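Labels below follow one simple rule: chain letters A, B, ... track the order of the sequence lines, proteins then strands, and each chain is numbered from 1. Bear in mind the structure is a predicted one, so any value in this text is a computation, not a measurement. Below, each value reflects all heavy atoms present in this structure, side chains not excepted, and no hydrogens, waters or symmetry copies.
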Number of protein chains: 2
Amino acid sequence: MNPRVFLDGSRLRVGQVVQITGEDGHHWSRVLRVSPGELVALGADGKGYLAKVDSLDTKAGEVDVMVIEQMSAHESPVAIHLVQGLPKADKAEFIVQHGTEVGISGFLFVQTERSVVRLDGKDAKKRQGRIERWQRVIREAAGQSQRDIVPKIEYCANWDEALQQLKEVAPGLILLLDEDEDTQSLYKALTKYAPDFGAGSGAESGGTPARDIRPIVLCVGPEGGWDAGERRLLVDNLGAVPVTLGPRILRTETAGLVGAAAVLYHFHALGG
Amino acid sequence: MNPRVFLDGSRLRVGQVVQITGEDGHHWSRVLRVSPGELVALGADGKGYLAKVDSLDTKAGEVDVMVIEQMSAHESPVAIHLVQGLPKADKAEFIVQHGTEVGISGFLFVQTERSVVRLDGKDAKKRQGRIERWQRVIREAAGQSQRDIVPKIEYCANWDEALQQLKEVAPGLILLLDEDEDTQSLYKALTKYAPDFGAGSGAESGGTPARDIRPIVLCVGPEGGWDAGERRLLVDNLGAVPVTLGPRILRTETAGLVGAAAVLYHFHALGG
């Protein structure tokens, strides 16, 4: 199936004909070369819809599609957000691209003490350019991986901004991924937090349904790790639980992906 | 801690002084600039060792280190191997680098029907160059991530070669990662295969210890997926179990990493 097109702010109904224009219309008509009758997928209002190409105007880059039916949910019932100490540019793109694929719902890049890249300076154009680039990468990855939503990305120049953003996420559990292999494992922390899940349990056994589990936040430091003050803020003030992903040292761009995959697996959200 | 240096074929004992030469010696003495008394880690004979820099000759690129003690195991008790339909060059490097970090023990790249890149032609130099490049990337990633072993990589020009290699792995379970979201989930397949693991169980409850679980093989198609004949070979002849990682479509370079993370999590091998 072709990548999804997201219609921001729309609510679709079956039988409706919608026109895909702009970049997406151009991409569908001229690059992917869809043809009338072809099945395509749309994302709108946090849901996925199956649609059929009705007609297209290749010159204008416009594609009319008819909504056929709502598709099954592609989002994890438990939302995962990533607080990521701002890494170097290529790693940041890697994280948002593959994190979107895996199923992360929101990215919070925080300017940290040890971040080599600085976007908190006077160069607002550079900052804005970087954020827009991440948004494009995320949107494309969300379409490719058939997400129902386009994950959000926020850049926070300092921890005050980050805490404000975190408040809006309203997490049920904040996990700080740690390099120290003597820390409690992610497995133990998740089993303590959501004991209804795990082998042979889960929603089917009458425990807490996954959709009632509040968002889980994973915190990953930049290349050089968190500094002592940031760690204190996260653990002492925010109640973040330090967890290890085991004795193998993961790079900053891999840790969030592996952590997210494990959390999704725990909640049976990597397939039922 | 600095990246590990692997001493191939050596068996170390505490108190022994070993000399690091060649590329590694150069790297340690001139790039990382280790100094006498500094603690470093070595990998030898599938184990990790803590050592201390004794003396160094920067000009010759030689570092003498004394072995202090054997370190705790950094390898998963359950070995994971990846059979990967040969992808494009940049994706192949991505897979071996991050797969090594996550904990994959061996990579089997197979020339498939839909592989865009072909290494099975007459250009033996190109093929050899590519394999050597992958080996370098793996060795570096294994050092960085503090693995006890350097994972192996094999290129198989056809399925006869691949089956021969797979035989040597002697897997207990072969999983074919599938895009079809109606397939059985990885979670269900692993729970059926190894029911002793999962919440509150595991080795501590007296079930099968993870070290007695035979290797698990994950099979991931190239960008265009397996063709029908390859699927039949894997499922019908080899008994591979098709499993889904859920409704979000993962790229070929991400699927193996996410699958490996989930398998490790299942066996409590991402931290105890």
K.L.:
Once rounded to the nearest 0.5 Å, what's the spacing between atom CZ of B:Arg251 and atom NE2 of A:His98?
P.N.:
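Rounded to the nearest 0.5 Å, the CZ-NE2 separation comes out at 6.5 Å.
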
K.L.:
What do the steps show when you test A:Val258 against B:Leu257 for side-chain contact (heavy atoms from CB on, under 4.5 Å), and what is the final call?
P.N.:
CA-CA 8 Å; A:Val258 170; B:Leu257 299 185; over 6 Å; no

K.L.:
Measure from the side-chain N and O atoms of B:Arg248 to the backbone N and O of A:Arg147, and report whether any donor-acceptor pair falls under 3.5 Å.
P.N.:
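No; judged by distance alone, with no hydrogens or angles, the pair does not exist.
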
K.L.:
Counting heavy-atom pairs under 4.5 Å with chain B, which one of A:Glu75, A:Gln97, A:Met71 comes out on top?
P.N.:
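Winner by heavy-atom pair count: A:Gln97.
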
K.L.:
Which region of A:Glu253, side chain (C-beta onward) or backbone (N, CA, C, O), has a non-hydrogen atom less than 4.5 Å from a non-hydrogen atom of chain B, or is it both or neither?
P.N.:
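The answer is the side chain of A:Glu253.
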
K.L.:
Side chain from CB out, backbone as N, CA, C, O: work out which of these in A:Thr183 comes under 4.5 Å of a heavy atom of chain B, or both, or neither.
P.N.:
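Neither part.
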
K.L.:
Just to verify, which of A:Gln146, A:Glu101, A:His74 counts as forming a side-chain contact (heavy atoms from CB on, under 4.5 Å) with B:Ile249?
P.N.:
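Testing each of A:Gln146, A:Glu101, A:His74 against B:Ile249, the sole residue satisfying side-chain contact (heavy atoms from CB on, under 4.5 Å) is A:Gln146.
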
K.L.:
Of all the heavy-atom pairs spanning B:Leu270 and A:Ser185, show the shortest one and how long it is.
P.N.:
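Closest approach of B:Leu270 to A:Ser185, heavy atoms only: O-CB, 4.4 Å.
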
K.L.:
When you look at NZ of B:Lys152, are more than 12 heavy atoms from neighbouring residues, nucleotides or ligands closer to it than 6.0 Å?
P.N.:
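Counting other residues, nucleotides and ligands, NZ of B:Lys152 stays at 12 neighbours or fewer.
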
K.L.:
Do the ring planes of B:His266 and A:Tyr265 sit parallel (below 30°), tilted (30 to 60°) or perpendicular (above 60°)?
P.N.:
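Answer is perpendicular, since the angle exceeds 60°.
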
K.L.:
Minimum heavy-atom separation for B:Pro247 to A:Ala73, with atom names?
P.N.:
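Looking at all heavy atoms of both residues, the closest pair is CG-O, 4.0 Å.
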
K.L.:
Count the heavy atoms of every other residue, nucleotide or ligand shown that sit under 6.0 Å from CZ of A:Arg211, and state whether that count exceeds 12.
P.N.:
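Not buried by this count: 12 neighbours or fewer within 6.0 Å.
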
